[in-house]
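Just so you know, ligand 1 is whichever comes first in the structure, and atom 1 is the first atom listed for that ligand. These numbers come from a predicted model, not from an experiment.
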Amino acid sequence: MRVVILGSGRGSNAEAILLAKAAGKLGRAEVVQIFADKPDAGILALGPRFGVPATFLDAAPFKTKLDGSAEQHYIAAISSCQPDLIVLAGFMRVIKPGFLTAFAGKIINLHPSLLPSFPGLDGIGQAWRRGVKIAGCTVHYVTQEVDGGPIIDQAAVHVEAEDTPDSFADKIHAAEHALLPAVIARLSEKKA
Ligand code: GAR
């Protein structure tokens, strides 16, 4: 199963996927390409470290969506990788119908909350400010509804009295780093 990862940030989830692969825990999945929409995104540094092509792909002029000629640029570049699965690992853009149609049923997203609670930006901050006692993360198929596609799997964390915003975020990220590679491995085994 050929996997393309899209990200915008530090890439800790992409790193978790690549570490799982190195440990033989990614099933039949293989990461063939990383793309980032920011030239200075930490995720791009994973390429040389893990021997995977990692490339900046400009999505200007839009800041929060993948649209217009940038969407076409992304579709062409990703299509040339012949992906079986596209993983949005901290890719902070709204995906539009053209991209969804080009890769129908092949796009999954990681979100740092127990959806359908706290969709959109800053899922971790939203959950913390709401004072939930059980939080977590979700991997779901991407549809036109932002953070609203079919849920594949979730992981929960308990919020303890001694937690701080930082320790809470760390718990969510640790849960993400376990959940996302496990989901990819399972999807790859189903593909056969
Ligand atoms: C992750 O917490 C992911 O759930 C979140 O961005 C972070 C990326 O971290 N994604 C979203 O909020 C999408 N709505 P990373 O760059 O270290 O993997």
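Taking a cutoff of 4.0 Å between a charged side-chain nitrogen and a carboxylate oxygen, R186 and D153 qualify as a salt bridge. Between K38 and D40 there is no salt bridge, since none of the side-chain N atoms of the basic residue sits less than 4.0 Å from a carboxylate O of the acidic one. No salt bridge links K171 with D166; every basic N to acidic carboxylate O contact stays at or beyond 4.0 Å. Taking a cutoff of 4.0 Å between a charged side-chain nitrogen and a carboxylate oxygen, E15 and R49 qualify as a salt bridge.
For atom 16 (O) of ligand 1, the nearest protein heavy atom (residue, atom name, distance) is G11 N, 2.8 Å. Protein heavy atom at the shortest distance from atom 1 (C) of ligand 1 is E176 OE1, 3.3 Å. Of all protein heavy atoms, the one closest to atom 5 (C) of ligand 1 is P112 CD, 3.9 Å. Considering only non-hydrogen protein atoms, atom 10 (N) of ligand 1 sits nearest to L110 O, 3.6 Å. Among all protein heavy atoms, the one lying closest to atom 14 (N) of ligand 1 is H111 ND1, 3.3 Å.
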Report task. Determine, stepwise, if the pair H173 / R10 fulfils side-chain contact (heavy atoms from CB on, under 4.5 Å). Result -> CA-CA 12 Å; H173 291 311; R10 64 184 177 138; 3.6 Å; yes
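If you chain together hydrophobic residues whose side chains sit under 4.5 Å apart, F118 and I152 never meet in one group.
Taking distance alone, with nitrogen or oxygen atoms compared against 3.5 Å, N13 approaches ligand 1 more closely than that limit. The shortest N or O to N or O distance between R10 and ligand 1 is under 3.5 Å.
Residue contacts with ligand 1 leave out E15, since none of its heavy atoms falls under 4.0 Å from the ligand.
Close contacts between ligand 1 and H173 involve ligand atoms 2 (O) [criterion: under 4.0 Å to a heavy atom].
Listed by chain and number, the residues in a ring-ring contact (aromatic ring centres under 6.0 Å, His included) with F99 are F103 (sequence neighbours excluded).
Heavy-atom proximity to atom 15 (P) of ligand 1, evaluated over G123, G90, S12, G9, is greatest for S12.
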